[in-house]
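Worksheet for the structure shown next.
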Amino acid sequence: MTDTPHAADRDVQRTYNRIASHFAKTREYPWPEVESFLDEECAAPAVALDLGCGNGRHAELLAAQAADVVCVDASTGLLSEARDRAAANGFDATLVAGDAACVPVASGTVDIAVYVATLHHLRDRDARVASLTELARVLAPEGTALVSAWSTAHDRFDATTGFDTTVDWTLPGGETVPRFYHVYDPDEFDADLAASDLRVVSSTVSSGNCYAVVAPA
């Protein structure tokens, strides 16, 4: 039996709720690719979006430049970690539990967004493309976003075409929690972007991930 998108989303939510506290401790620092993107693209944006925000490490960067930051994640456990980080580090963000394939944000309102390390957790290609189209919907006409996903270029993989897999997260004490990934090959990543309502400004592979700077088509 194939999971429906909603069932798959609940599975991702349960997984990250289970590992949220330990996972957050390993995600203290922002990715350099996100820092570079924000250095190049940000010009006092009014509204920023961190889609798949995790523990809020990239929301903290956005909050330093944007008037308002919206953080969306399926995991309430990770949102709790983001709330604690915001309180500890003194930045403001609106935290929303939501589905990356149906983003709970008004159309055309986001000036800049980061959508990293989340797209690859959606099990179905239609859901992944729908999620990219949702990102296009919420971006303002001149808005930009950075999208990333795990790539076959990562040194832990020897495949050259995209594939589905599970990667265990090991909790203190030895319990393992499987996490679903769709590992993209770079051409497939570009094809999914092209199938959405996004326009690709640039696309590259860095640190084992596919990255693209995108805008509404």
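Computed over heavy atoms, backbone and side chain alike; hydrogens, waters and symmetry mates excluded.
- We find the CD1-CZ distance between Ile19 and Arg14 to be 14.0 Å, quoted to the nearest 0.5 Å.
- In the hydrophobic cluster analysis, where Ile, Leu, Val, Met, Phe, Trp and Tyr join through side-chain heavy atoms closer than 4.5 angstrom, Phe180 is grouped apart from Phe189.
- A distance of 11.5 Å separates CG of Asp50 from CD of Glu60, quoted to the nearest 0.5 Å.
- Summarising the geometry, atom OG belonging to Ser131 is positioned 12.0 Å from atom NE2 belonging to His121; distances are rounded to the nearest 0.5 Å.
- Tracing side-chain contacts under 4.5 Å through hydrophobic residues (I, L, V, M, F, W, Y), one reaches Val201 starting from Val116; they form part of the same cluster.
- With sequence neighbours excluded, the residues forming a ring pair (Phe, Tyr, Trp, His ring centres under 6.0 Å) with Phe157 are Trp150, His154, Phe163, listed by chain and number.
- Under the 4.5 Å side-chain heavy-atom criterion for grouping Ile, Leu, Val, Met, Phe, Trp and Tyr, Val114 is connected to Val213 within one hydrophobic cluster.
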key: Pair Val70-Asp68, side chain to side chain contact (heavy atoms under 4.5 Å, CB included): steps then yes or no   = CA-CA 7 Å; Val70 179; Asp68 294 297; 5.7 Å; no
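- Between the side chains of Ser202 and Tyr211, no donor N or O sits under 3.5 Å from an acceptor N or O.
- For the residue pair Phe23 and Thr26, the shortest heavy atom distance occurs at O-OG1, 2.7 Å.
- Transitive grouping of hydrophobic side chains (ILVMFWY, heavy atoms separated by less than 4.5 Å) keeps Val147 and Val129 in distinct clusters.
- Screening Val105, Ile112, Leu62, Leu139 for a side chain to side chain contact (heavy atoms under 4.5 Å, CB included) involving Leu49 leaves a single residue, Val105.
- Test Val110, Leu119, Val103, Leu198 against Leu135 for side chain to side chain contact (heavy atoms under 4.5 Å, CB included) and you get one pass: Leu198.
- Between Gln13 and Ser75, the side chains place no donor N or O within less than 3.5 Å of an acceptor N or O (distance only, hydrogens not considered).
- Summarising the geometry, atom OG belonging to Ser36 is positioned 11.0 Å from atom CD belonging to Glu41; distances are rounded to the nearest 0.5 Å.
- Distance check: Asp168 CG to Leu171 CG gives 10.0 Å after rounding to the nearest 0.5 Å.
- A donor-acceptor pair under 3.5 Å links the side-chain atoms of Asn209 to the main chain of Ser207, judged by distance alone.
- Leu79 belongs to a hydrophobic cluster with Leu95, counting contacts under 4.5 Å between side-chain heavy atoms of Ile, Leu, Val, Met, Phe, Trp and Tyr, direct or through other members.
- Between Leu51 and Thr118 there is no side-chain heavy-atom pair separated by less than 4.5 Å.
- Here OG1 of Thr204 is found 9.0 Å from CD of Glu33. Values are rounded to the nearest 0.5 Å.
- Sequence neighbours left out, the pairs with a member in residues 174-201 that pass side chain to side chain donor-acceptor pair (under 3.5 Å) are Tyr16-Arg179, Arg18-Glu175, Arg125-Asp192, Arg128-Tyr184, Asp164-His182, Arg179-Tyr181, His182-Glu188, Tyr184-Asp192, Asp190-Ser203.
- Of all heavy-atom pairs spanning Ala101 and Ala127, the tightest one is CB-O, 4.0 Å.
- Hydrophobic clustering (side-chain heavy atoms under 4.5 Å, transitive across Ile, Leu, Val, Met, Phe, Trp, Tyr) groups Val167 together with Trp169.
- Asp111 approaches Ala140 most closely through the heavy-atom pair OD1-CB, 4.0 Å.
- Side-chain contact between His58 and Cys53: absent, with no pair of heavy atoms (C-beta onward) separated by less than 4.5 Å.
- In terms of heavy-atom proximity, Phe91 sits nearest to Gly56 at CZ-O, 3.9 Å.
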message = Does Arg57 form a salt bridge (Lys or Arg N to Asp or Glu O under 4.0 Å) with Glu81? I'd like the steps, not just the answer.
response = CA-CA 10 Å; Arg57 57 183 168 150; Glu81 295 292 333; over 6 Å; no
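- Using modelled atom types, one side-chain atom of Thr15 and one backbone atom of Asp11 make a donor-acceptor pair closer than 3.5 Å.
- Inter-residue side-chain proximity for Leu78 and Asp73 is flagged as met; some heavy-atom pair is nearer than 4.5 Å.
- Contact between Val96 and Pro104 at its shortest, heavy atoms only, is CG1-CG, 3.7 Å.
- Between Trp31 and Ser148 the shortest heavy-atom distance is CZ3-OG, 3.6 Å.
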